[in-house]
Amino acid sequence: MREVEYNTVVETVARLCKEANYFLGDDVYNAIKNGLEKEESPVGKDILNQLLKNADIAKNEEIPICQDTGFAVIFLEHGADVRVKGDINQAITEGVAKGYTEGYLRKSILSDPVKGKNTNDNTPPIIYTTIVPGDKIKITVAPKGGGSENMSAVKMMTPADGIEGVKKFVIDTVVQASSNPCPPIVVGVGIGGNFEYVAFLAKKALLRNIGERNPDPFYADVERELLEKINNTGVGPMGLGGRITCLDVFIEVFPRHIASFPAAVNINCHAARHKSAVI
Amino acid sequence: MSEPIRLKTPLTEEDVLKLKIGDSVLLTGKIYTARDAAHKRLFDLAEKGEPLPLDLKGQIIYYAGPAPAKPGYVIGPAGPTTSGRCDPYTPKLLEIGLKGMIGKGVRSKEVKDAMQKYKAVYFAATGGAAALIAKNIKAVKVVAYEDLGAEAIRELEVEDFPLIVANDAYGGDLYEEGMKKYRRE
Ligand code: SF4
């Protein structure tokens, strides 16, 4: 069995925390740029220009795109034929502490939801592990800000609601969120599974790059339709009115129980951050 | 877009009454950061009629909790946070003389009513444009509640901070108007 040093995990996670927060993905950057051409509102145009300038400054100076450097959400795809020398969860936690401290990232985590104090190193992270074939470990760090996370929703719909019900739920959620998630947003949608899994699907959907469609043409069409409908709501950049409310919509689905029809909407802001590495 | 209006703090009632929703503004002068934790403390003092650690008359509060500064920087990235969390405390602060607020997101009806009554203005800053906004901040000093860390009250000296008037003293609301204007059926 292949072995990976404990420290390799620590260093990789620390680096990904910094890179995710400093460097806006080219896909998002280009989507904002394309949005500028379609934006009709002068205020909206001004805001999109500011976002591009902001991303340039963050990249050149290696400082965070946004001051809310998020909850560190980690997706692990762990090969069955590789092991880390030591506790991998511990190594990831150490990596997050290192990245957030060395990288001058904001520490936003309270040790207990009710009685807590700031942990001062942005730990613990939230870690999702999947065991996959092979002898590699893929680590994705997706820092998630509070403003957009707070506007997300899960709904236990009825099977009779169908896909039309899901579309309405997505649009209502986005309109209600208005300016809070810092539009232009990216929308992750989960359909199927059960109560907790559907939320996970919506979150996982946000790891896709802008323009990456669901491989099933049916859902790819729904993604396109929702994108257009959201951009017709008029919410616009920062909710101040305009054409560009959303940069993309990603749907992830899973089989469901005959009695249930869960749906979830996880909203991400224009600071749609995720960086991966394979070790 | 029309030429931005240049404003200096502290704001007078006359300054406030000039502003209409959709105006773009470049703000220069001293402003104060405060998030909900600091608001709660200010509110409790004001309710009891006790003196606040800073005089809010004519001042502007910026809803922000900056990231740490890298060496050589006066401040870390410092974009606006969601204003709504401060809504329960805001009417009281407007009553004692606060003239302006900077943040992101819609305000409650109570806040909008109080803005009309006490003549105040609410500016939207670009959420997530934190690295860019930090460039407009020239000096920083903690003036109260240091124990709150990122949420302490800081005095910021800003120069040409780009803002948009989201709610004016006449009851105008750009969040509502803007969305209506660009909605398509
Ligand atoms: S919603 Fe996103 S862009 Fe807006 S403040 Fe939060 S993390 Fe930053």
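Chain naming here is simple, since letters A, B, ... match the order of the sequence lines and numbering starts at 1 in each.
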Hey, what do you get for [atom1] ([X]) to [atom2] ([Y]), rounding to the nearest 0.5 Å?
| X | Y | atom1 | atom2 | result |
| --- | --- | --- | --- | --- |
| B:Ile164 | A:Asp46 | CD1 | CG | 5.5 Å |
| A:Asn232 | B:Arg183 | CG | CZ | 10.5 Å |
| A:Ser179 | B:Tyr175 | OG | OH | 4.5 Å |
| B:Tyr182 | A:Leu240 | OH | CG | 10.5 Å |
| B:Arg85 | A:Asn180 | CZ | CG | 9.0 Å |

Between [X] and chain B, which part of the residue has a heavy atom less than 4.5 Å away: side chain, backbone, both or neither?
| X | answer |
| --- | --- |
| A:Lys45 | neither |
| A:Ser41 | both |
| A:Ala271 | neither |

Can you establish whether the number of heavy atoms outside [X] located under 6.0 Å from its atom [atom1] is more than 12?
| X | atom1 | answer |
| --- | --- | --- |
| B:Glu146 | CD | no |
| A:Lys167 | NZ | yes |
| A:Asp56 | CG | yes |
| A:Lys53 | NZ | no |
| B:Glu14 | CD | no |
| B:Lys8 | NZ | no |

Could you walk me through whether B:Lys70 and A:Glu62 pass the side chain to side chain contact (heavy atoms under 4.5 Å, CB included) check? CA-CA 10 Å; B:Lys70 244 175 129 162; A:Glu62 305 205 349; 3.8 Å; yes

Just by modelled atom types, is the [Y] backbone N or O under 3.5 Å from a matching donor or acceptor in the [X] side chain?
| X | Y | answer |
| --- | --- | --- |
| A:His270 | B:Gly127 | yes |
| A:Asn54 | B:Leu132 | yes |
| A:Gln67 | B:Ala130 | no |

Could you tell me which portion of [X] (side chain, backbone, both or neither) has an atom closer than 4.5 angstrom to a non-hydrogen atom of chain A?
| X | result |
| --- | --- |
| B:Ala69 | backbone |
| B:Ala129 | both |
| B:Lys180 | neither |

Select, from [options], the one with the greatest count of heavy-atom pairs under 4.5 Å involving chain A.
| options | value |
| --- | --- |
| B:Pro68, B:Gly105, B:Pro66 | B:Pro68 |
| B:Ala166, B:Pro71, B:Pro80, B:Ser83 | B:Pro71 |
| B:Gly178, B:Gly128, B:Gly76 | B:Gly128 |

Taking A:Asn231, A:Ile47, A:Thr233 one by one, which has the highest count of heavy-atom pairs under 4.5 Å against chain B?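 Greatest number of close heavy-atom pairs with chain B: A:Thr233.
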
May I ask you to decide whether B:Arg184 forms a salt bridge with A:Glu228, counting only side-chain N to carboxylate O separations under 4.0 Å? no

Charged N-O contact under 4.0 Å between A:Glu40 and B:Lys181: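 Between B:Lys181 and A:Glu40 there is no salt bridge, as every charged N stays at least 4.0 Å from the carboxylate O atoms.
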
Can you confirm whether B:Thr126 sits close enough to A:Leu51 that some side-chain heavy atom of one is under 4.5 Å from a side-chain heavy atom of the other?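 Sidechains of A:Leu51 and B:Thr126: in contact.
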
Looking only at heavy atoms, the pair that brings A:Gly147 and B:Lys104 closest together is CA-NZ, 4.1 Å

Of all the heavy-atom pairs spanning B:Gly22 and A:Val43, show the shortest one and how long it is. O-CG2, 4.2 Å

